[in-house]
Amino acid sequence: MRFLKMFDRSGMTSKSAFIKARIFGEPFHVVTFDKSLHEYYTKLSDFHAQFRMVGNNYNQTLKELKSHFSERRAMALVCKLAKYMMQLVQIMHKVTELTDKYQKWIQKSENKEI
């Protein structure tokens with residue numbers, strides 16, 4: 001079973017060529033494509049891009065608050081904005097934790113297949 005799994009993952013068309021390559025010690029690489037992993041990292045990249053856009057909008061909002069409102073009103077609005085940013089930071093930490101767990105899970109599942 002292990003041999004057949006390695007053969008399937010190698011992408012070679014002939015079992016005899018695969019056996020010959022193993023006997024004569026030719027190095028080989030098994031490349032697999034995990035669609036769920038690809039989708040996860042794509043969505044993670046999109047989330048990171050949105051997170052950067054929020055940071056940019058945050059800076060622009062602070063500049064506008066400073067120029068269009070009194071100091072007291074601007075401080076009140078900045079405090080509200082800071083609370084929302086703290087929530088966003090907590091979400092980002094949670095995403096980081098989940099990504100670490102996902103990577104560990106992927107490594108465990110790869111080790112089981114070999």
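Only this structure's heavy atoms are used, side chains among them; waters, hydrogens and symmetry mates stay out. One is the number of the first residue; the rest follow in order along the sequence.
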Parallel, tilted or perpendicular: rings of F18 and F7 (30°, 60°) = perpendicular
First locate atom CG of L37, then atom CH2 of W105, and finally report the distance between them rounded to the nearest 0.5 Å.
-> 9.5 Å
Nearest-0.5 Å distance that lies between atom CE in M12 and atom CD1 in I19 | 10.5 Å
Got a sec: does the CE of M75 have more than 12 other heavy atoms crowding it under 6.0 Å?
-> no
Between the NE2 atom in H48 and the CG atom in D46, the distance rounded to the nearest 0.5 Å is 11.5 Å
Min side-chain heavy-atom separation M53-Q50 under 4.5 Å | yes
Kindly indicate whether the side chain of Q60, heavy atoms from C-beta on, has any atom under 4.5 Å from the side chain of N56.
-> yes
Treating Ile, Leu, Val, Met, Phe, Trp and Tyr as nodes and any side-chain heavy-atom pair under 4.5 angstrom as an edge, say whether V54 and L62 lie in one connected cluster.
-> yes
Below 4.5 Å, heavy atoms only, C-beta onward: do I91 and F51 meet side chain to side chain?
-> no
Within a strict 4.5 Å, meaning less than it, do heavy atoms of the E64 and F69 side chains meet?
-> no
CE-CE distance between M92 and M85, expressed to the nearest 0.5 angstrom = 11.0 Å
Between T99 and Y40, do the side chains contain an N or O donor and an N or O acceptor separated by less than 3.5 Å?
-> yes
Neighbour count above 12 (heavy atom, 6.0 Å) for E71 CD | no
Are L44 and Y41 close enough that some pair of their side-chain heavy atoms sits under 4.5 Å apart?
-> yes
Rounded to the nearest 0.5 Å, how far apart are CG of L81 and CE of M86?
-> 12.5 Å
4.5 Å side-chain heavy-atom contact, K15 and L4 | yes
Transitively linked via ILVMFWY side-chain contacts under 4.5 Å: L65 with Y84?
-> no
